[in-house]
Asker: 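Before I ask anything, let me first share the structure, which is written out below as structure tokens.
In what follows, chains carry the letters A, B, and so on, assigned in the order in which the sequence lines appear, proteins first and then strands, with residues in each chain numbered from 1.
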Amino acid sequence: MTGTPDHDARRPPGAAPSPRRVDRVGLIVAVGLAALSAVLFWDAARIPSTGGYAGIGPADTPRLIGLGLALLAAWAAWDAFKAPAEPAPAQDLPPILWIVGGLGLQLLLFRSAGFSIAGGILFACTAAAFGRRKLWITLPIGIVFALAVFAVFAMLLELSLPAGPLERLVFGV
Amino acid sequence: MGAFEQLLNGFAVAADPMILFYSLIGVTLGTAVGVLPGIGPALTVALLLPVTYGLDPAGSLIMFAGIYYGGMYGGSTTSILLNTPGESASIVTALEGNKMARAGRGGPALATAAIGSFVAGLIATLLLAFLAPSVVKLALVFGPREYFALMVLAFVTVSAAFGDSARKGLTSLFLGLALALVGIDGLTGQARLSFGVPQLLDGIEVTTLAVAMFAIGEALFVAGQRHRDDSGVLAIKGSIWMTGADWARSWKAWLRGTFIGFPIGAMPAGGADIASFLSYAAERRATKHPEEFGHGAIEGVAGPEAANNAAAAGTLVPLLTLGLPTTATAAIMLAGFQQFGLQPGPLLFVTNASLVWGLIAALLIANVMLVVLNLPLIGLWVRLLTIPTPWLYAGILVFATMGTMGANPSAVELGQLLVFGVMGYLLRLWSYPIAPVVVGMILGPMAEQQLRRALAIAQGDPLTLVQSPVAAVLLGLALLALVVPMILRARGQGEVLAHLAGNED
Amino acid sequence: MKTIVLAALAAGALAAHAQAADYTILAPANPGGGWDQTARTMQEVLQAEGISDSVQVQNVPGAGGTVGLAQFASQAAGDPNQLIVGGYVMVGAILTNQSPVSLADITPIARLTGEYEAIVVPASSEIQTIEQLVEQLKAEPGSVSWAGGSAGGTDHIAVGLLAKAAGVDPTLINYVAFSGGGEALAAILGSQVTAGISSLGEFREQAEAGTLRILAVSSPERIEGVDAPTLQEAGYDMVVENWRMVAAAPGITEEQKAAIEADIEALVTSEGWQQALADRGWTDTYLAGEEFEAQLQEEIATTETVLRDIGLVQ
């Protein structure tokens, strides 16, 4: 690849460049692929082999793909030791957690609180991830926005979106 | 010429000013809903279909055609500008289109998509009108073994065209193949990788995967690198209109896309997504500017977008002549046709000739209306990108989750959105390409099922796969596509090809 | 801005949908499919005939209807305003997916519509009659490839029943599952397979156009306008009907059940319903009360046996 060891973002500042350094991301990928491959083989083992007239049954494809993943895991591990690591762009963790948290809250709340409140929370969390941390402003904006979306899609176009207390209050559904 | 006269009659029905007005409303509504991120054409058409119920048959038919084209074009707009495709056929458009938008060339990207859609829609609709009965005969030649051979060819050509590194492209592809296994095996009814969760028995929805990987993964990635590049708003550089060079590079791609898209769309197991993949691979091979691919090559927008639209017109061939809906959008269109008393089938062109020609005229008019409406609006759409980033992405995520909830309001579905969103983020972060995941997810099951069907029909004899001339030719082409670049590279003449296939290390 | 355009254009429609819901019908499938269309047709007619002020349709797709069924059984319990649409496919799906919730966990009200199966060959095929097809099946089961809908679905069950009735081991049938009757149709028309099986409606147009030959239908009596014997006539003792039904929530009182039954009876006897059936080409096979329940029990038992015989249920 085009990346050189000098650009490895994960190396502590000041450390001497060393061609022997292991690419940690590459190793994570290798382990992940190997695990996925193992899941595929494990699952395939439970499937009764009913290939019928085709001779290829439902368990054979997972095995083939599992084999491919295992080879790719080995290749990734080989590269992690051999090839210079690619620089991963430096990332801030908090914004990621804001968005993941927003999606998680929406997932937990959409049934009980309804589309607008859950969507408003996601809206506010996403805005917070991009630096608008004043939740007392963004949350009401988000809820009103989601309520407007609900009005158009659920009321006018009859898409079935989960209704909660707010929707019942405003639209009487 | 009988067909031609009938088409003129169709136009006579459709040329009423009121009818043109309905067409304009249909295109406007379709574009307005289709442009929302994470909402693909199938959902757009399904949502807006009831709006047409109140009108007389002619008006409702033409408004419906307008919604259909508007929804498809609206979908490409968001794919290009925001990198959030709402369906699998727009993914390839997003690949180069979004790179162009980021380089400030969103205007030309949208223009080449709009004109490409128009050209393809025009040619393909005319092909549909005059060739439908004979095209369907050809399409029926394709049985399981021919489809399997076509899938092999698609795998070989498409996987060479994605990404910079063969290992990374293959890794993404295999992730997609593994995800595609989830759910009930179509041929034996056995559950695979569903871990006792009933919602997983139907497998992973391609739309959910695409929306999660693109829209959510993108939002996470942009949020994470906020401090490195805080410009946020993408500036529009240069003209929003296409330059002479853009035109010169686009027109051949439009035509190639059309002639790849229409026949593939016309096959009962084809589909607009496969057409757009193949068109992208073809453009990447045909281009004189290979270095621009992956960084915003206009052919990479023009070709797949034309192919996507031509395939959409192509899907009307099996739909009208066999009553076979081959895509989600087509299935909803079938419901729409039934409302007009159109009973698709082999006798349709005989028993319902005036309605069919009316529909074809309506499609042609809607196609024109789309360009008329959307070319002036390109300036407005590009301004979408001037919405401050926090509000833009907050809105994208609300719409993306709404699309998923509206299709299937289940916690498992929203959970998938979250998991695949994070996965899309990590793939981006570690520079693994995203598109092959979706490609594997679409092609994998088709290849597997068609192979097993072919073998079952032949009672397990693998020779059946090469005993049909069509299948043998397709497999031969796949072999050539695989071997020729290797030989060229081995001879040291393959600088361009080496770039295409990526660095092997 | 888009919101405003949309709202302005369709504002008139809002008033019509703002009343309280009398019934919520759960369609355990994606929008557009047979169950969804049944639910939406019920919605239209119930409202148009004034049987109910307001009806809402909710889609919960997944796993042959068993996802929606499980949700309905737990969330609607005791609520007399909730209905679910289902059908024969659900009977098989409950068994093959080992669904923890079955039709015994809801309150079946009535069978509404049904479609019979047809066995076809391409017009160019040498096989002229159902007897010839069964002869070939007996001689070499693997050489008869059947194209039909998903594995374990109505089409697959019907082939299994035919094999049994003809004295052929059902595990030996060479059934090639396609993702729907439509995709199977393309394979049959292209002569990729020996024979095809699916709902009669999928084949009717093609048969009239002369591209397919209908060998037999799975109805108890001959079907008007179809020039083919029933399987019973041909000597195979079987009837297969892909029916659709409506059911109510578990745990409702007898009075509540009777009220729903009265509403459904008013629905099926209305002119609007008969017109809707004619428009969509559905056959009215209304059956309610104890007769329906008895028939349901019998079908569940036969289906379970044949799915075991084919090897889809262990």
Asker: Can you tell which part of B:Glu448 gets under 4.5 Å to a heavy atom of chain A, answering side chain, backbone, both or neither?
Answerer: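 The answer is the side chain of B:Glu448.
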
Asker: Tell me which of these, A:Ile47, A:Thr61, A:Leu93, has more heavy-atom pairs under 4.5 Å with chain B than the rest.
Answerer: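 The candidate making the most pairs under 4.5 Å is A:Thr61.
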
Asker: Heavy-atom pairs under 4.5 Å with chain B - which of A:Ala154, A:Gly55, A:Ala127 has more of them than the others?
Answerer: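 Between A:Ala154, A:Gly55, A:Ala127, the count favours A:Ala127.
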
Asker: Can you tell which part of B:Ile216 gets under 4.5 Å to a heavy atom of chain A, answering side chain, backbone, both or neither?
Answerer: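 Only the side chain of B:Ile216 comes within 4.5 Å of chain A.
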
Asker: Under a 4.5 Å heavy-atom cutoff, which of A:Tyr53, A:Phe145, A:Phe115 has the most pairs with chain B?
Answerer: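 Among the listed options, the one with the most contacts to chain B is A:Tyr53.
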
Asker: Given that the side chain runs from C-beta out, which part of A:Ile65 has a heavy atom under 4.5 Å from chain B: side chain, backbone, both or neither?
Answerer: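 Contact with chain B: backbone and side chain both.
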
Asker: How would you list, by chain and number, every residue that makes a side chain to side chain donor-acceptor pair (under 3.5 Å) with B:Thr208, sequence neighbours excluded?
Answerer: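 So B:Thr208 forms a side chain to side chain donor-acceptor pair (under 3.5 Å) with B:Glu413.
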
Asker: Where on A:Pro162 is there a heavy atom nearer than 4.5 Å to chain B: the side chain, the backbone, both, or neither?
Answerer: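 The answer is the side chain of A:Pro162.
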
Asker: If you count heavy-atom pairs under 4.5 Å between each of A:Pro62, A:Gly119, A:Gly104 and chain B, which one has the most?
Answerer: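 Between A:Pro62, A:Gly119, A:Gly104, the count favours A:Pro62.
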
Asker: So which part of A:Leu161 gets closer than 4.5 Å to some heavy atom of chain B, the side chain, the backbone, both or neither?
Answerer: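 Looking at A:Leu161, just its side chain touches chain B.
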
Asker: Is the shortest side-chain heavy-atom distance between A:Phe130 and B:Val222 below 4.5 Å?
Answerer: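 Yes, close enough: below the 4.5 Å cut-off.
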
Asker: When you compare the side chain of B:Leu175 with that of A:Leu36, does any pair of heavy atoms fall below 4.5 Å?
Answerer: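 Result yes, sub-4.5 Å side-chain heavy-atom pair found.
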
Asker: Sort A:Phe123 into side chain, backbone, both or neither according to what part of it lies under 4.5 angstrom from a heavy atom of chain B.
Answerer: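 Both parts, backbone and side chain.
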
Asker: For A:Ile28, which atoms come within 4.5 Å of any heavy atom of chain B: side chain, backbone, both, or neither?
Answerer: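 Only the side chain of A:Ile28 comes within 4.5 Å of chain B.
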
Asker: Considering only heavy atoms, which portion of B:Ala191 lies under 4.5 Å from any heavy atom of chain A: side chain, backbone, both, or neither?
Answerer: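 For B:Ala191, the contact with chain A is made by the backbone alone.
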
Asker: Main chain of B:Asp185, side chain of B:Arg192: is a donor-acceptor contact present, judged purely on distance under 3.5 Å?
Answerer: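 Absent.
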
Asker: Mind checking side chain to side chain donor-acceptor pair (under 3.5 Å) for B:Tyr393 and listing every partner two or more places apart, or none if nothing turns up?
Answerer: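 Once residues adjacent in sequence are excluded, B:Tyr393 has no partner under the side chain to side chain donor-acceptor pair (under 3.5 Å) criterion.
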
Asker: Calculate, to the nearest 0.5 Å, the distance between atoms CH2 and NZ belonging to B:Trp430 and B:Lys168 respectively.
Answerer: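 The distance works out to 10.5 Å.
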
Asker: Less than 4.5 Å to any heavy atom of chain A: does that hold for the side chain of B:Leu451, its backbone, both, or neither?
Answerer: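 Answer is side chain: those atoms of B:Leu451 sit under 4.5 Å from chain A.
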
Asker: Need one label for A:Leu108: side chain, backbone, both or neither, based on atoms under 4.5 Å from any heavy atom in chain B.
Answerer: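 Neither; nothing under 4.5 Å.
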
Asker: Sort A:Ala76 into side chain, backbone, both or neither according to what part of it lies under 4.5 angstrom from a heavy atom of chain B.
Answerer: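 Both the backbone and the side chain of A:Ala76 come within 4.5 Å of chain B.
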
Asker: Using non-hydrogen atoms and a 4.5 Å limit, figure out which bit of A:Leu69 sits close to chain B: side chain, backbone, both or neither.
Answerer: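 Both the backbone and the side chain of A:Leu69 come within 4.5 Å of chain B.
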
Asker: Would you say that B:Ile204 contacts B:Phe420 through its side chain, given a criterion of any heavy-atom pair below 4.5 Å between the two side chains?
Answerer: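 When only atoms from C-beta onward are counted, B:Phe420 and B:Ile204 do touch, with a gap below 4.5 Å.
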
Asker: Quick check on the 6.0 Å ring-centre criterion: do A:Phe150 and A:Phe171 meet it?
Answerer: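 Yes, the ring centres sit under 6.0 Å apart.
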
Asker: Heavy-atom distance under 4.5 Å to chain A: side chain of B:Leu181, backbone, both or neither?
Answerer: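 Contact with chain A is through the side chain of B:Leu181 alone.
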
Asker: Assess the side chains of B:Arg167 and B:Tyr432: does a donor N or O sit below 3.5 Å from an acceptor N or O?
Answerer: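 Yes, side-chain donor-acceptor contact under 3.5 Å.
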
Asker: Is it the side chain or the backbone of A:Trp98 that comes within 4.5 Å of chain B heavy atoms, both, or neither?
Answerer: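 Neither the backbone nor the side chain of A:Trp98 comes within 4.5 Å of chain B.
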
Asker: So do the side chains of B:Thr404 and B:Gln416 get within less than 4.5 Å of each other, counting heavy atoms only?
Answerer: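 No, side chains not in contact.
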
Asker: Any side-chain heavy atom of A:Gln106 within less than 4.5 Å of one from B:Met405?
Answerer: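 Side chain of A:Gln106 against side chain of B:Met405, heavy atoms only: contact under 4.5 Å found.
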
Asker: Please identify, among A:Thr138, A:Leu103, A:Leu107, A:Val100, the residue contributing the most non-hydrogen atom pairs under 4.5 Å to chain B.
Answerer: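 Among the listed options, the one with the most contacts to chain B is A:Leu107.
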
Asker: Any side-chain heavy atom of A:Leu109 within less than 4.5 Å of one from A:Ile117?
Answerer: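 Side chain of A:Leu109 against side chain of A:Ile117, heavy atoms only: no contact under 4.5 Å found.
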
Asker: Below 4.5 Å, heavy-atom pairs only: which of B:Ala458, B:Gly460, B:Ser194 has the largest tally toward chain A?
Answerer: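 The option with the most such pairs is B:Gly460.
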
Asker: Quick one: what part of B:Val398 sits under 4.5 Å from any heavy atom of chain A, side chain, backbone, both or neither?
Answerer: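 Both backbone and side chain of B:Val398 come within 4.5 Å of chain A.
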
Asker: Highest number of heavy-atom pairs under 4.5 Å with chain B: which of A:Asp60, A:Ile141, A:Thr126?
Answerer: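 Result: the option with the highest number of such pairs is A:Thr126.
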
Asker: Tell me the closest heavy-atom pair linking A:Ile99 and A:Ala129, and the distance in Å.
Answerer: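 Reported closest heavy-atom pair: CG1-CB, 3.5 Å.
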
